[in-house]
Engineer: 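Structure incoming, see below.
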Amino acid sequence: MPESMNRLGGTRNLFSDVGIKRMKTASAWRQPNPTGRQIMTAPNELIVDSRHLDVVKNKLKQLKVWAGTTQPEIDTVLDLALIKDLGGLTEFAVTTRKRYWSEISALERRRRREFTELDVLLYEVRNQLAAENGVVPLLGKNRDTLIGYPQHKGVGDPGIGVPIKRPTSAHPVEPEDRVLVGVVDTPLYRHPDFPEDRIDSDQYATPDRKGVYSLWSGHATAVAGRIWQCAPDARITVKAGLSDRTGEGTSWETARKMAAFAGSGIRVLNLSFGTPTEDGEPPLAMRRAIDVLRAADPDLLIVAAAGNLGHIARPPRQIWPAAMTGVIAVGATGAKFSMKEPWVDVNTVGLEVDTYYLDQPVRLSDSEVVNRRGFATWSGTSFAAAGVTGKIAQRLQTDPKATAAAKLKELLEDREEPLTVTYDSPF
């Protein structure tokens, strides 16, 4: 099977989105739709390494699936481009499948899933450019990024909470000495208790025309609030990579917000979201964002929610980005919904977590409108991850010269902390 060198010098497979895979990843596929929800990919978009953009554009035009009227969206930090408005894919896929019937059928049997029209296009583009140039271009799909789907079915809406005592500092901390924590999530709802000099966002949640918020409008608030409970002196910055209406976004949108933290000085990055993929491959843009972040700051610790799909009949084998190399995957102790795979690094409290929420009308998943008065109990690996992020930040606050990895190790070795290492130690 043809291979080419990827951006970091490793080899990658002709049929994969990304060449770098976690060594302990299990077999990826169980069924086409393991979550009970259609695993989505933007059907007319491709993500391409910027170095290969021109040759891929020319090939798409030659194959008559892209007119070139909409210019690609380029991210110079990720060194990736998003090609939109592909067309004529149905006819193209039918014709190409006939041409490569034996090869594609064999791949489908091996992977135990049917190729989509976009899969067929990727196969042909890679095949032709490998034959013409001797190089397989680095390109992939623009995939969904979800907040622990189906959180509103499998885990539950935010429940009635109790007022939380505002966290206070043990010792005065100068603004320039605050540990910086990054969060990629939904737009933030500014809770009245949040200090403006310690919790901010690049975008804020908005209600509908009736003044009612989506239940997801409070997700970033609950995550940031949980971090703040554990690290009252930290400076928490939220970047909105997901919708506050649906809790969803694409890997392109999310990865761009992740990469925007590169060189910002954050010590810990919290990613309380995740997505399975129909082929078990990590999203290209998300993998690149993590590589960019780690290259900018090798000491940056990236913490991600392990996902809330462990309770379904046939859960996916990976949730990205938690299952990626270089990411600490956090599950919820004693929770049936928490993923139970070898890539989960640690479990901690994630059931009925008391945290901050909206003090405005919110529409729940059953359409009931409630007001949680600013506080809620919510279950999910999102809040388990946020707890780990906050505790690491607090330990860094008291020992700022230490690395975040050293403080994670210290945290895991602290017998008074409700954390358990799972299959393999991350160290």
Engineer: State, without any angle test, whether Thr333 and Asn347 hold a side-chain donor-acceptor pair at a distance under 3.5 Å.
Structural biologist: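 Asn347 and Thr333 do not have a side-chain donor-acceptor pair below 3.5 Å.
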Engineer: Apply side-chain hydrogen bond (donor to acceptor under 3.5 Å, both in side chains) to Thr389 and Arg267, showing your working.
Structural biologist: CA-CA 10 Å; Thr389 294; Arg267 306 293 304 277; over 6 Å; no
Engineer: What salt bridge (Lys or Arg N to Asp or Glu O under 4.0 Å) pairs are there with at least one residue in residues 208-218, not counting sequence neighbours?
Structural biologist: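 Qualifying pairs: Asp208-Arg363.
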Engineer: Just checking, any donor-acceptor pair under 3.5 angstrom between side chains of Tyr100 and Glu124?
Structural biologist: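 Glu124 and Tyr100 do have a side-chain donor-acceptor pair below 3.5 Å.
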Engineer: Is any side-chain N of the basic residue among Lys257 and Glu253 closer than 4.0 Å to the acidic one's carboxylate O?
Structural biologist: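 Glu253 and Lys257: not salt-bridged.
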Engineer: Looking at Glu108 and Arg97, does any basic side-chain N land under 4.0 Å from a carboxylate oxygen?
Structural biologist: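 Salt bridge between Glu108 and Arg97, a charged N being under 4.0 Å from a carboxylate O: yes.
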Engineer: Would you say the side-chain atoms of Ser272 and His219 include a donor-acceptor pair closer than 3.5 Å?
Structural biologist: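 Distance-only check fails for Ser272 and His219.
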Engineer: Does the side chain of Asp299 pick up a donor-acceptor pair with the side chain of Thr403 at under 3.5 Å?
Structural biologist: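 No, no side-chain donor-acceptor contact under 3.5 Å.
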Engineer: In this structure, are over 12 heavy atoms from other groups packed under 6.0 Å from Glu91 atom CD?
Structural biologist: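 Not more than 12 within 6.0 Å, no.
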Engineer: Side chains of Ile328 and Val330, heavy atoms from C-beta outward: is any pair under 4.5 Å?
Structural biologist: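 The answer is yes, as the side chains (C-beta and beyond) meet within the 4.5 Å cut-off.
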Engineer: For a side-chain contact (heavy atoms from CB on, under 4.5 Å) check, start with the C-alpha distance between Asp244 and Tyr204, then their side-chain angles and the critical distance, and finish with the verdict.
Structural biologist: CA-CA 9 Å; Asp244 58 340; Tyr204 291 90; over 6 Å; no
Engineer: Does the pair Tyr356 and Gln229 meet the rule for a side-chain contact (heavy atoms from CB on, under 4.5 Å), with working shown?
Structural biologist: CA-CA 9 Å; Tyr356 293 85; Gln229 286 176 271; 4.0 Å; yes
Engineer: Between Arg287 and Asp291, does at least one N-O distance fall below 4.0 Å, as a salt bridge requires?
Structural biologist: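 A salt bridge is present here (some side-chain N lies under 4.0 Å from a carboxylate O).
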Engineer: Under a 4.0 Å N-O cut-off, is there an ion pair linking Arg51 with Asp79?
Structural biologist: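 Salt bridge flag = no for Asp79 with Arg51.
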Engineer: My understanding is that only one of Trp378, Phe375, Phe383 makes a ring pair (Phe, Tyr, Trp, His ring centres under 6.0 Å) with Tyr357; could you say which?
Structural biologist: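 Considering Trp378, Phe375, Phe383, a ring pair (Phe, Tyr, Trp, His ring centres under 6.0 Å) with Tyr357 is found only for Trp378.
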Engineer: Please examine the side chains of Leu139 and Ile47, heavy atoms only from C-beta on, and report whether any two atoms are closer than 4.5 Å.
Structural biologist: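 They are not in contact (no side-chain heavy atoms under 4.5 Å apart), so the answer is no.
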Engineer: May I ask you to check whether Glu281 and Trp320 show a side-chain donor-acceptor distance below 3.5 Å?
Structural biologist: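 Absent: no donor and acceptor within the cut-off.
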Engineer: To the nearest 0.5 Å, how far apart are CG in Leu408 and CD1 in Ile392?
Structural biologist: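 If I round to the nearest 0.5 Å, the distance is 4.5 Å.
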Engineer: Is Glu45 paired with Lys141 through a side-chain N to carboxylate O contact shorter than 4.0 Å?
Structural biologist: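 Result for this pair is no, no salt bridge flagged.
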Engineer: Using a 3.5 Å distance criterion without hydrogens, assess whether the side chain of Glu352 forms a donor-acceptor pair with backbone atoms of Thr377.
Structural biologist: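 No, because the side chain of Glu352 does not come within donor-acceptor range (under 3.5 Å) of the backbone of Thr377.
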Engineer: For Phe261, does the six-membered ring have the charged nitrogen or CZ of Lys239 within the cation-pi criterion, i.e. under 6.0 angstrom from the centroid and within 45° of the normal?
Structural biologist: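 Output yes; distance and angle both within limits.
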Engineer: Just do the side-chain contact (heavy atoms from CB on, under 4.5 Å) check on Val362 and Val212 with the steps written out, would you?
Structural biologist: CA-CA 5 Å; Val362 172; Val212 179; 5.7 Å; no
Engineer: Looking at Arg111 and Asp119, does any basic side-chain N land under 4.0 Å from a carboxylate oxygen?
Structural biologist: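 Answer for the salt bridge query: no.
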Engineer: With side-chain contact (heavy atoms from CB on, under 4.5 Å) as the test, pick out the partner of Val346 among Thr420, Val303, Leu411, Leu412.
Structural biologist: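 That would be Leu412.
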Engineer: Could you check whether any side-chain heavy atom of Glu278 comes within less than 4.5 Å of a side-chain heavy atom of Arg143, counting everything from C-beta outward?
Structural biologist: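 The answer is yes, as the side chains (C-beta and beyond) meet within the 4.5 Å cut-off.
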Engineer: If we only count heavy atoms from C-beta on, is the Val48 to Leu138 side-chain gap below 4.5 Å?
Structural biologist: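 No; the side chains remain at least 4.5 Å from each other.
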Engineer: Assess the residue pair Phe194 and Ile236 against the criterion (side-chain contact (heavy atoms from CB on, under 4.5 Å)); give the C-alpha distance rounded to whole Å, side-chain angles, the decisive distance to 0.1 Å, and a yes or no.
Structural biologist: CA-CA 10 Å; Phe194 286 176; Ile236 303 165; over 6 Å; no
Engineer: Look up atom CZ in Arg294 and atom CG in Leu301, then write down how far apart they are to the nearest 0.5 Å.
Structural biologist: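 Result: 7.5 Å between the selected atoms.
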Engineer: Around Lys84, counting heavy atoms of other residues, nucleotides and ligands shown, do more than 12 lie under 6.0 Å from its NZ?
Structural biologist: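 Result for NZ/Lys84: open.
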Engineer: Could you tell me whether Asp200 and Arg235 have a side-chain N and a carboxylate O separated by less than 4.0 Å?
Structural biologist: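 Yes, Asp200 and Arg235 are salt-bridged.
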Engineer: State the CD1-CD distance between Ile83 and Glu73, to the nearest 0.5 angstrom.
Structural biologist: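 Going from CD1 on Ile83 over to CD on Glu73, the span is 12.0 Å.
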